[in-house]
Colleague: 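Right, I'll just put the structure down here and ask away after.
Keep in mind that the numbers below use all heavy atoms, side chains included, and drop hydrogens, waters and symmetry copies.
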Amino acid sequence: MHFSQAIGAIAKAVPDDFSSLSEVLSPDLIDTCLEEAGVATLRKRRLPLDMVVWAVVGMALFRHIPMGQIVNHLDIMLPGKRPFVAPSAVVQARQRLGVDPVKRVFEQTQALWHQQTPHPHWCGLTLLGVDGVVWRTPDSPENHTTFARTRNAHHEAGYPQVRMVCQMELTSHLLTGSAFDSVARSEMDLTPELITSTPDHSLTLFDRGFYSLGLLHAWQSAGEQRHWLIPLKKGTQYQEERSLGRQDRLVTLTSSPQARKKWPGLPSTVTARLLRRKVNGKEVQVLTSMTDPMRFPAADIVDLYSYRWEIELGYREIKQSLLGNRMTLRSRTPEMICQELWGTLLAYNLIRFQMARMAYSLKAVHPNQLSFHQAAHWIIKELTVLPWVSPGRIPEVIQSMLDMAPSFILPARRERSYPRSVKQRPQKYPTRRKMPVRLN
């Protein structure tokens, strides 16, 4: 039994409200993505390209195992004279596959998996979050040429780095889209690439660093009911139009000529809603495109912004739990770096989708209430064992996975506050320590 067949077998034990995972990530879907990318071939190899896709996913699932051993570990190669495959053959297979097929598989599966998962809505809107993250790459000559390095006043980073911006559904932690490039590009340059992957009837939560009238207007105008919510940036100029309630105003934001030149469809003024509220003695101000006070109550909007931190937890799950704190990627060429990143996002979504099915098999439990660290280790362990389990014991193993779901439920989150503090600026010269005065 191949690794992909094992995942399909696990999915069949989920309640009938969900369709089989093997139908979502089927060989036909992968073959279609290969044909659309123009890399499909009729030649039969020991490592077919559809199985190489699973090998790229396995790079994230088994971060501690070398790439050559992953192929042998997953049992995804066709039978041959030798029981193992040479590491150089794996590298050549990844090069034949390229980046576009893995990216297409991610995009196709995320759309299907979001249709399969019953996300809870707020006022009929799906909650999304957008934020950025940085990845380290090996310091090879190719990566050094393609990817830049961050630097401060003292030195630059020892590794070339990749900047990534992701969009996540906040209740299930399923990723809906991603864009990445060299760290020399800013998050503001990458974020417009996520507009096409944003679903209608959604609310996207941004950090204040993403404030741009051109971006927010394009985000809202690209579809039906695509709203945004962002903290008010210091120094933002606006004009109050009318009051919608206590600490609730309808305001007009004026765009600059430079912004209108960069975003041709941006009007001279944009109407938004400004809400104020005191949280722990500190005034919080947020801007949003949800200007209808009857449909979107002001009492809930400010509290809603706290859910943006779910995407930060998702990044922690990927880097610490899935990749085991191995912060530097494996690949030594830029093309393979991009392929590895798409495979990592696909592997994360694969586990998160399975966790969503486990959560909804319980009562009143959301996927973000399950421990990713424990559930991921359990799912990966069962996936690796299942190919060697006798067919008669497969239903028993699958049922044990569902029975373990209640043990993954996290305790209620504590309300903790970690206010930011300004650190003392380092001195250019060392300070002389005063000697204690001795009293005779």
Colleague: Going by heavy atoms in the side chains, are Val56 and Glu340 under 4.5 Å from each other?
Modeller: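 A side-chain contact under 4.5 Å is absent here.
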Colleague: Excluding sequence neighbours, so at least two apart, what forms ring pair (Phe, Tyr, Trp, His ring centres under 6.0 Å) with His377?
Modeller: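 Expected list: His373.
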Colleague: Between Val183 and Val162, is any pair of side-chain heavy atoms under 4.5 Å apart?
Modeller: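 Contact flag for Val183/Val162 side chains = no.
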Colleague: Might you work through the side chain to side chain contact (heavy atoms under 4.5 Å, CB included) test for Ser202 and Thr198, ending with a clear yes or no?
Modeller: CA-CA 8 Å; Ser202 61; Thr198 303; 3.7 Å; yes
Colleague: Is the closest side-chain donor-acceptor distance between Ser140 and Arg332 under 3.5 Å?
Modeller: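 No, no side-chain donor-acceptor contact under 3.5 Å.
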Colleague: Whether Lys278 and Glu283 form a salt bridge (side-chain N of Lys/Arg under 4.0 Å from carboxylate O of Asp/Glu) is what I want to check.
Modeller: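 No, this pair does not count.
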Colleague: Any donor-acceptor pair under 3.5 Å linking the side-chain atoms of Arg316 with those of Ser321?
Modeller: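 Per modelled atom types, Ser321 and Arg316 side chains form no pair under 3.5 Å.
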Colleague: With no hydrogens and no angle check, just 3.5 Å: does a side-chain donor-acceptor pair link Glu241 and Thr271?
Modeller: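 No - no donor-acceptor pair under 3.5 Å links their side chains.
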Colleague: Could you report the tightest heavy-atom contact between Pro367 and Met355, atom names first, then the distance?
Modeller: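 Closest pair (atom of Pro367, atom of Met355, distance): O-CE, 4.3 Å.
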Colleague: Name all residues meeting the ring pair (Phe, Tyr, Trp, His ring centres under 6.0 Å) criterion together with Tyr159; count only those two or more places apart in sequence or in a different chain, and write none if there are none.
Modeller: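 Ring pair (Phe, Tyr, Trp, His ring centres under 6.0 Å) check on Tyr159 returns nothing, list empty.
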Colleague: Using side-chain heavy atoms (C-beta onward) and a distance below 4.5 Å, is Leu304 in contact with Tyr307?
Modeller: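 A side-chain contact under 4.5 Å exists here.
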Colleague: Supply the atom-to-atom distance Leu205 CG to Gln167 CD, rounded to the nearest 0.5 angstrom.
Modeller: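 If I round to the nearest 0.5 Å, the distance is 10.5 Å.
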Colleague: Please list all pairs meeting salt bridge (charged side-chain N to carboxylate O under 4.0 Å, His left out) that have one or both residues in residues 190-204, counting only residues at least two apart or in different chains.
Modeller: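 Checked against salt bridge (charged side-chain N to carboxylate O under 4.0 Å, His left out) - neighbours excluded - the pairs reaching residues 190-204 are Arg185-Glu193, Asp200-Arg226.
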Colleague: Please determine, by modelled atom types, if Glu142 and Thr333 share a side-chain donor-acceptor pair under 3.5 angstrom.
Modeller: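 No donor-acceptor contact under 3.5 Å links the two side chains.
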Colleague: Measure the spacing between CG of Leu350 and CG of Leu61 and express it to the nearest 0.5 Å.
Modeller: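 Result: 6.5 Å between the selected atoms.
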Colleague: Between Ala359 and Leu370, which heavy-atom pair has the shortest distance, and what is it?
Modeller: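 That closest heavy-atom pairing would be CB-CD1, 3.8 Å.
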Colleague: Would you find a donor on one side and an acceptor on the other, under 3.5 Å apart, between the side chain of Arg149 and the backbone of Gly158?
Modeller: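 Judged by distance alone, yes, a pair lies under 3.5 Å.
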Colleague: Identify the heavy atoms of Pro138 and Asn143 that sit nearest to each other, and give their distance.
Modeller: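 Reported closest heavy-atom pair: O-ND2, 3.1 Å.
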Colleague: As a quick check of understanding, evaluate ring-ring contact (aromatic ring centres under 6.0 Å, His included) for Trp135 and Phe147, giving each step before the final call.
Modeller: CA-CA 11 Å; Trp135 298 88; Phe147 304 121; over 10 Å; no
Colleague: Would you find a donor on one side and an acceptor on the other, under 3.5 Å apart, between the side chain of Thr236 and the backbone of Leu232?
Modeller: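 Side chain of Thr236 to backbone of Leu232, a donor-acceptor pair under 3.5 Å: no, none is there.
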Colleague: Stepwise, does the ring-ring contact (aromatic ring centres under 6.0 Å, His included) test hold for Tyr348 with Phe372?
Modeller: CA-CA 10 Å; Tyr348 177 74; Phe372 178 86; 5.3 Å; yes
Colleague: Using side chain to side chain contact (heavy atoms under 4.5 Å, CB included), reason through Trp113 and Ser172 one step at a time and then give a plain yes or no.
Modeller: CA-CA 11 Å; Trp113 288 344; Ser172 65; over 6 Å; no
Colleague: Dump the intermediate steps for side chain to side chain donor-acceptor pair (under 3.5 Å) on Arg136 and Gln161, then the final yes or no.
Modeller: CA-CA 5 Å; Arg136 289 192 323 207; Gln161 295 174 320; over 6 Å; no
Colleague: When you check the gap from the basic side-chain N to the acidic O, do Arg277 and Asp303 get nearer than 4.0 Å?
Modeller: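 Here Arg277 pairs with Asp303 in a salt bridge, since their nearest N and O are under 4.0 Å apart.
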Colleague: Holding to side-chain hydrogen bond (donor to acceptor under 3.5 Å, both in side chains), I want the full list of residues that pass it with Thr288, two or more places apart in sequence or in another chain.
Modeller: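 Once residues adjacent in sequence are excluded, Thr288 has no partner under the side-chain hydrogen bond (donor to acceptor under 3.5 Å, both in side chains) criterion.
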Colleague: Is it true that atom CZ of Arg295 has more than 12 heavy atoms of other residues, nucleotides or ligands lying nearer than 6.0 Å?
Modeller: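 Yes - once you tally the heavy atoms of other residues, nucleotides and ligands closer than 6.0 Å, there are more than 12.
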Colleague: Could you pull out the closest heavy-atom pair between Thr171 and Pro120, with the gap in Å?
Modeller: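 That would be OG1-CD, 3.5 Å.
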Colleague: Carefully, step by step, assess Met327 and Asn325 under the rule side chain to side chain contact (heavy atoms under 4.5 Å, CB included).
Modeller: CA-CA 6 Å; Met327 303 303 180; Asn325 281 323; 3.5 Å; yes
Colleague: Might you work through the side chain to side chain donor-acceptor pair (under 3.5 Å) test for Thr176 and Glu169, ending with a clear yes or no?
Modeller: CA-CA 7 Å; Thr176 61; Glu169 200 284 321; over 6 Å; no
Colleague: Can you find a side-chain donor-acceptor pair between His227 and Gln225 that sits under 3.5 Å?
Modeller: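 There is such a pair (donor and acceptor under 3.5 Å, judged by atom type) between the side chains of His227 and Gln225.
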Colleague: Just verifying a value: how many Å separate Cys338 SG and Met164 CE, rounded to the nearest 0.5 Å?
Modeller: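 Answer for the SG-CE pair, Cys338 versus Met164, is 9.0 Å.
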Colleague: Is there a side chain to side chain contact (heavy atoms under 4.5 Å, CB included) between Trp263 and Leu215? Walk through the geometry before answering.
Modeller: CA-CA 8 Å; Trp263 301 87; Leu215 172 65; 4.1 Å; yes
Colleague: In a check of side chain to side chain contact (heavy atoms under 4.5 Å, CB included) between Arg273 and each of Leu229, Val251, Asp248, which one passes?
Modeller: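 So the option named by the test is Asp248.
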Colleague: What's the spacing between Arg308 CZ and Met168 CE if we round to 0.5 Å?
Modeller: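 Going from the CZ atom of Arg308 to the CE atom of Met168 covers 11.5 Å.
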Colleague: Flag the pair Leu174 / His114 as yes when at least one side-chain heavy-atom distance between them is below 4.5 Å, and no otherwise.
Modeller: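 Result yes, sub-4.5 Å side-chain heavy-atom pair found.
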Colleague: What's the separation between atom NE2 in His119 and atom CG in Leu125, rounded to the nearest 0.5 Å?
Modeller: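 His119 atom NE2 to Leu125 atom CG measures 14.0 Å (nearest 0.5 Å).
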Colleague: With sequence neighbours excluded, tell me which residues meet salt bridge (Lys or Arg N to Asp or Glu O under 4.0 Å) with Glu335.
Modeller: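 With sequence neighbours excluded, Glu335 shows a salt bridge (Lys or Arg N to Asp or Glu O under 4.0 Å) to no residue whatsoever.
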Colleague: How long is the straight-line distance from CD of Gln220 back to OG1 of Thr204, given to the nearest 0.5 Å?
Modeller: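 It comes to 11.0 Å.
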Colleague: Do the side chains of Thr137 and Pro160 get nearer than 4.5 Å, heavy atoms only?
Modeller: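 In contact.
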Colleague: Can you sort out the partners of Arg352 under salt bridge (Lys or Arg N to Asp or Glu O under 4.0 Å), two or more places apart, ordered by chain and number?
Modeller: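 Only Glu317 meet the salt bridge (Lys or Arg N to Asp or Glu O under 4.0 Å) criterion with Arg352.
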Colleague: Heavy atoms only: give me the nearest Met59-Ser331 pair and the separation to one decimal.
Modeller: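 Scanning both residues completely, I find the closest heavy atoms to be CE-OG, 4.3 Å.
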Colleague: Please state whether the rings of Tyr360 and His366 are parallel, tilted or perpendicular, taking 30° and 60° as the class boundaries.
Modeller: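 Tyr360 and His366: perpendicular rings.
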Colleague: Which atom names give the shortest non-hydrogen contact between Pro231 and Phe206, and what distance separates them?
Modeller: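 Result for this residue pair: CD-O, 3.3 Å.
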Colleague: Side chains of Tyr211 and Arg208 only: does a donor on one sit below 3.5 Å from an acceptor on the other?
Modeller: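 Checked: Tyr211/Arg208 side chains show no N/O donor-acceptor pair below 3.5 Å.
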